**Student:** 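If you scroll down you'll find the structure; I have some questions about it.
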Number of protein chains: 2
Amino acid sequence: MSEPKPLPDTRERILDAAERLFMESGYEGTSMRMITGEAEVNLAAVNYHFGSKEALLREVFRRRLSWLNRERLSALNELEEKANGEPLKPSAILEAFFGTLLRMGTDEALGGMTFLRLLGRTLTEPADFIRAFFAGEYAEVVERYKRALFRALPEVPHEEIIWRFHLMLGAMSYAIAGTDALQIVTGCELDMNNEGPDAARQLAERVMPFLLGGLRAPLPPFQVSKEQQSTTEPTKAA
Amino acid sequence: MSEPKPLPDTRERILDAAERLFMESGYEGTSMRMITGEAEVNLAAVNYHFGSKEALLREVFRRRLSWLNRERLSALNELEEKANGEPLKPSAILEAFFGTLLRMGTDEALGGMTFLRLLGRTLTEPADFIRAFFAGEYAEVVERYKRALFRALPEVPHEEIIWRFHLMLGAMSYAIAGTDALQIVTGCELDMNNEGPDAARQLAERVMPFLLGGLRAPLPPFQVSKEQQSTTEPTKAA
DNA sequence: AGATTAGTCAAACGTTCGTTTTAATCATAT
DNA sequence: ATATGATTAAAACGAACGTTTGACTAATCT
C-alpha cells in the first residue's frame, strides 16, 4: 500500500522500458506485455508497482517533468532577479524555456532524446486522461512564462502572444517528436542522428532562430495575401 | 473484388464516421464498433467495403489528399508560369502550400476542420504503415515545393531550408491538430471555435506571418546564446 | 421467370488486451 | 529460527479487439 522502501530496480526498469516503448509505439500501441517483456519483469509487476497502465504513463512523465518544471522556474527566476524589475528580452525567455527542455535531450540521466520525443508525441495524443494530466503538470510554469512574455512585449496584444506561444510549442514539439516521420514526408535525411546528445544540440541551433523569427514576425493587420511586406531571404547573421 | 458500381451511401457514411473518430480518438483508440456504430451500419460492412481497418484509414486520407495534392501542384504551376522563369517569392510559395491546406478547413465538402485536425494528428502517429503511407502520398508535392524554395532562397543552404520546411510543417500541423490540447496546456481559451470555416480563416491569419518570420529568421552562424542579434518586438505592419 | 450478383445482417471466430488472484519467494527484525 | 511484510511468479479472468462466416435480401441481367 505504501512505498517507503528504496526498492530494487524493478520500478526503474519498468519506467525505462515504458518510456522507450511509449515513445516508439504510442500509448495505445504499447501493451503491458511489451513493457514487461522489455523490462524483463513479471506481467503483474506493473499493476503492483503503479496500479494501472494509465498511472504508469503518468509516472513516466512525472519522473521527468518534475525536474523540467523546477529547472524552468528557476531559470526564469534567475533572469528576473538579474533584470531588476526591467522586462526581460524575448530571446532570453525563449532560451530559458526551450533551452532547458533541449538540455534534457543531452543528458541521458534525464531521459535524453527518448523522453524528448515521447513528450513531443504525447502532447498530441487524444486520450482524455493524458490531456488532463498535462494540463495539471504544465499550469504553473506556463502561467509564469506567459506573464514574462506579456511584460517583454508590452505593445503586442496578449492574445497574439498566446497564439505565438502555441505555435512555438508546436514547432518545437514537432521538431523533436517527428524527426523521422517528417524526414519520410520530406524525403530528406538531414544527416542528423535522432539519438544522443548531438541531436538535441543540433535541434537547439536550428530551432531557436526559427522560433525567435516567428515570435517577432510582423503582426497580422488584415490579411496575408497578394502584397507581402518583403521578400528578403533569411539574413546571414555576421 | 472490384468497385465500378456507384454504390449506396454506406461507404461514405463509414468514411465520414471514421474521419471524425480517428480525429477525436486516434487510430488505435478508435474501434471498428465505434465506427460502424456512429455510421449506423453493420460491423462487417467495413471489412466488406474496405478490406481492413488499415485500408479504411488509408482510404479516409486518399479521399482528401488526392484533392490536396492536385491543388497544391496546380497552385505551384500557376505561380511558376506567371513568374516566367524568375524565382518565386518565398511568401508566395508558403501561401500556395499552406494556404491550399487551410482552404480545406473552410470547405466542409473537403473535410473541413475535422480532416485538417486529423491530418495534423496523424503525422505524429507512430504506426509504421501510417508513416509509409504518408511518405508515398507526399513525395511528389514535397519534392516540387522543396525545389521551388531552393530557387527562391539561393543563398541559404539547402539543408537549412529543409529544416525550416520541417519546422513550418510542424508549427502548422500542431496549430491545427492540437488547438484544444494546447489550450489546456497553456490554460487559455483563445476564443476561437475549433470547428467551422472561421477557425481555418483565423488559423491562416495567425499562422502565416509566424511561418514567414521563422523562414526568414537569421541563419544560425554559431550558437544561440548570451548576446542575441536584437530584442525588437514584432513590428506592427502598417 | 430464374439465375446471378452486390450488399446487409447477426453471430461467432480466435487473439489479445488490462487486470486480478493465489501462491511462492525473499529480506529483515525479533 | 521464525514471523512479517514486501516483492515476484504463474495462471487465469472477463472484456474488447479485428476479422470471418453463412444465411438472407434486394437489385440486375438474360
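Since this is a predicted model, take the numbers as computed values, not measurements. Atoms considered below: every heavy atom in the structure, side chains included; atoms not considered: hydrogens, waters and symmetry mates.
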**Student:** What's the closest nucleotide to the side chain of B:His49 if the choices are D:dT8, C:dG7, C:dA10?
**Tutor:**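 Nearest to the side-chain atoms of B:His49, counting from C-beta on, is C:dG7.
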**Student:** Of the options B:Arg131, B:Arg70, B:Arg62, which is the one that meets B:Glu137 in a salt bridge (Lys or Arg N to Asp or Glu O under 4.0 Å)?
**Tutor:**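 By the salt bridge (Lys or Arg N to Asp or Glu O under 4.0 Å) criterion, B:Glu137 pairs with just one of B:Arg131, B:Arg70, B:Arg62: B:Arg62.
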**Student:** Are the charged groups of A:Asp16 and A:Arg11 less than 4.0 angstrom apart, N to O?
**Tutor:**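 Between A:Arg11 and A:Asp16 there is no salt bridge, as every charged N stays at least 4.0 Å from the carboxylate O atoms.
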**Student:** Just wondering, are more than 12 heavy atoms of other shown residues or ligands nearer than 6.0 Å to CD in A:Glu54?
**Tutor:**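 Counting neighbours around CD of A:Glu54, more than 12 heavy atoms of other residues, nucleotides or ligands fall under 6.0 Å, so yes.
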**Student:** With heavy-atom distances below 4.5 Å as the criterion, would you say the side chains of A:Phe134 and A:Thr122 are in contact?
**Tutor:**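 Yes; the side chains approach each other to less than 4.5 Å.
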**Student:** Starting at atom CG of A:Leu43, determine the distance to atom P of C:dG18, rounded to an integer number of angstrom.
**Tutor:**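 Value for this atom pair: 9 Å.
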**Student:** Find the distance A:Met32:CE to C:dT15:P and express it as a whole number of Å.
**Tutor:**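 Atom-to-atom, A:Met32 to C:dT15, this comes out as 23 Å.
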**Student:** If I take atom CZ in residue A:Phe50 and atom P in nucleotide C:dT19, what distance separates them, rounded to the nearest angstrom?
**Tutor:**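 From A:Phe50 CZ to C:dT19 P: 13 Å.
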**Student:** Please report the distance, rounded to the nearest Å, between CG in B:Asn47 and C1' in C:dG14.
**Tutor:**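 Between C1' of C:dG14 and CG of B:Asn47: 15 Å.
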**Student:** Check every strand shown and say whether B:Thr30 touches a base, only sugar-phosphate, or nothing at a heavy-atom separation below 4.0 Å.
**Tutor:**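 Sugar-phosphate, backbone atoms only, no base.
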**Student:** Figure out the CZ/P separation between A:Arg33 and C:dT16, and round it to whole Å.
**Tutor:**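 Whole-Å distance recorded here is 10 Å.
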**Student:** Quick one: is A:Thr10 getting a side-chain N or O under 4.0 Å of the D:dT8 phosphate, OP1 or OP2?
**Tutor:**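 It does, given that an N or O in the side chain of A:Thr10 lies less than 4.0 Å from OP1 or OP2 of D:dT8.
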**Student:** Side chain of B:Lys53 only, heavy atoms from C-beta on: which candidate in C:dT19, D:dT8, D:dT19 is closest?
**Tutor:**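 The answer is D:dT19, which lies nearest to the side chain.
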**Student:** Measuring from the side chain of A:Ser31 (C-beta onward, heavy atoms only), which nucleotide among C:dT8, D:dT19, C:dC17 has the closest atom?
**Tutor:**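 It is C:dC17.
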**Student:** Please say whether more than 12 non-hydrogen atoms of neighbouring residues, nucleotides or ligands are located less than 6.0 Å from CD in B:Glu78.
**Tutor:**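 No, because the 6.0 Å sphere around CD of B:Glu78 holds 12 heavy atoms or fewer from other groups.
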**Student:** Take atom CZ of B:Arg13 and atom C1' of C:dG7, then tell me their distance rounded to the nearest Å.
**Tutor:**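 So the two atoms are 13 Å apart, to the nearest Å.
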**Student:** Considering only C:dC17, D:dA10, C:dG7, which nucleotide approaches the side chain of A:Ala44 most closely?
**Tutor:**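 Nearest listed nucleotide: D:dA10.
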**Student:** In whole angstroms, how far is the P atom of D:dT19 from the CD1 atom of B:Ile35?
**Tutor:**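 Taking atom P of D:dT19 as the reference, CD1 of B:Ile35 is at 10 Å.
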**Student:** Would you mind telling me which of C:dG18, D:dT8, D:dG18 lies closest to the side-chain atoms of A:Asn42?
**Tutor:**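 For the A:Asn42 side chain, the nearest candidate turns out to be D:dT8.
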**Student:** Just how far, in rounded Å, is C1' of D:dG18 from CG of B:Leu57?
**Tutor:**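 Value for this atom pair: 15 Å.
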